[in-house]
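Right, one structure below, let's go through it.
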Amino acid sequence: MKRIKRKKIFDVDYEKKVVPIRLIDADTSFEDWDKKELKTRSTYFLLNGVPEFSVNQQENGRMKLLAADKDFYAAGGMGVTELTVRVYRFSEKNAEVFSCVEKLKNGRLGAMEEAYLMERLIKEFSMTQDDVGSLIGKSRPAVANTLRLLTLVPEVIGLVESGRLSAGHARTLVKVPQKQQLAFAEEGLKRGYSVREMERAVKAFLTPPEILQQEAEAKAAARGEELKALVERMRGVFRTKVSLIGNAKKGRIYIDYYSAEDLYRIEEFLDVLEKNFD
């Protein structure tokens with residue numbers, strides 16, 4: 001297999017230091033975060049320790065936080081005055097790339113937040129989906145599936161961002177014409193559809209009725225063949241006539257016997273089955 005050459009995005013050398021928290025600047029502010037969530041993270045840090053943070057060295061001696069703003073403010077809320085940091089010396093462009101990658105690797109972003117960051121890496125920094133996947137440890141199809149969320153209408157995207165609609169449910173709507181996407185989403189929420197149920201509803205909407213009928217008939221025929229095969233197996237095992245009335249959902253199986261020997265043989269099979277299930 002031919003090896004794909006990947007360009008080196010940035011130099012990842014860093015220096016580990018303990019620095020005063022007051023020297024670190026973040027893109028967000030303390031007020032941007034839910035206080036209950038910060039308290040929960042603070043409690044976690046009290047039990048498990050405060051993590052290291054990634055920062056970029058600035059010319060004025062200050063440091064720019066590259067990721068994990070919520071954890072940064074949760075640590076500050078505990079009264080921590082110093083943090084262990086990995087100090088990088090990136091250019092402004094590489095600092096932005098590294099920040100996006102670290103946030104995506106963090107694993108605590110919402111689906112739409114991930115999609116926006118991936119789109120930014122591709123559009124602003126000329127990356128491919130393969131590049132993004134390689135940097136954050138995901139396959140190209142996984143990256144593509146996340147980016148597809150951005151093709152949804154704003155109203156559906158809003159449902160995902162608010163947490164009312166899962167990313168899995170939303171991805172099933174990508175193939176639906178945009179005019180019908182919101183109606184599908186609302187119907188799914190109203191009926192409490194699982195992702196699989198939403199997929200079936202979308203397929204039924206997009207597939208012509210005659211094709212659905214053909215698929216249903218094909219499935220019924222396949223189930224019929226399976227039942228026939230089961231009856232033939234039973235005839236071979238019991239060595240007597242076996243017949244079936246019904247379908248794959250319910251029915252009756254008849255085992256005929258024509259002598260005491262037939263009954264004895266069937267009884268022997270039952271003895272074996274009972275021993276195996278004891």
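Any value given below was found using the heavy atoms of this structure, including those in side chains, with hydrogens, waters and symmetry copies removed.
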- Just wondering, more than 12 heavy atoms not from R191 lying within 6.0 Å of its CZ? no
- Whether over 12 other heavy atoms sit under 6.0 Å from E261 CD: no
Closest contact, heavy atoms only, [X] versus [Y]:
{"X": "Q180", "Y": "F205", "result": "CG-CZ, 4.0 Å"}
{"X": "L159", "Y": "A185", "result": "CD1-CB, 3.9 Å"}
{"X": "I21", "Y": "G76", "result": "CD1-CA, 3.9 Å"}
{"X": "P177", "Y": "L206", "result": "CD-CD2, 4.1 Å"}
{"X": "A67", "Y": "S99", "result": "CB-O, 4.4 Å"}
{"X": "Y116", "Y": "E161", "result": "OH-OE2, 3.0 Å"}

- Whether F72 and F53 hold their rings parallel, tilted or perpendicular, with breakpoints at 30° and 60°: perpendicular
- Task: Check the angle between the aromatic planes of F98 and F90 and answer parallel, tilted or perpendicular using the 30° and 60° thresholds.
- Result: tilted
- Item | Trace of the side-chain contact (heavy atoms from CB on, under 4.5 Å) decision for F184 with T172 | CA-CA 10 Å; F184 258 95; T172 68; over 6 Å; no
With sequence neighbours left out, what residues match [X] under side chain to side chain contact (heavy atoms under 4.5 Å, CB included)?
{"X": "S139", "value": "P141, A142"}
{"X": "E232", "value": "R235"}
{"X": "L244", "value": "L227, V231, I253"}

- Task: Could you name each residue pair satisfying side-chain hydrogen bond (donor to acceptor under 3.5 Å, both in side chains) that touches residues 68-81, not counting sequence neighbours?
- Result: T28-D69, E37-K70, R41-D71, D71-R108
- Residue pairs fulfilling side-chain hydrogen bond (donor to acceptor under 3.5 Å, both in side chains) with at least one residue in residues 146-159, sequence neighbours excluded: N145-R148
- Item | Co-members of V18 in a cluster of I, L, V, M, F, W and Y side chains, linked at under 4.5 Å | none
- Salt bridge present between K103 and E113 (N-O < 4.0 angstrom): no
- Are E199 and R196 close enough for a salt bridge, meaning some N to O gap below 4.0 Å? yes
- Message: Ignoring hydrogens and geometry beyond distance, is a side-chain donor-acceptor pair present between D131 and S134 at under 3.5 Å?
- Response: no
- Message: Let me check something: do V242 and L230 share a hydrophobic cluster, defined by ILVMFWY side-chain heavy atoms less than 4.5 Å apart, either directly or through other members?
- Response: yes
- Task: For a side-chain contact (heavy atoms from CB on, under 4.5 Å) with V101, tell me which candidate from L66, L135, V132 qualifies.
- Result: L135
- Message: Using side-chain contact (heavy atoms from CB on, under 4.5 Å), reason through D27 and L65 one step at a time and then give a plain yes or no.
- Response: CA-CA 8 Å; D27 285 330; L65 188 67; over 6 Å; no
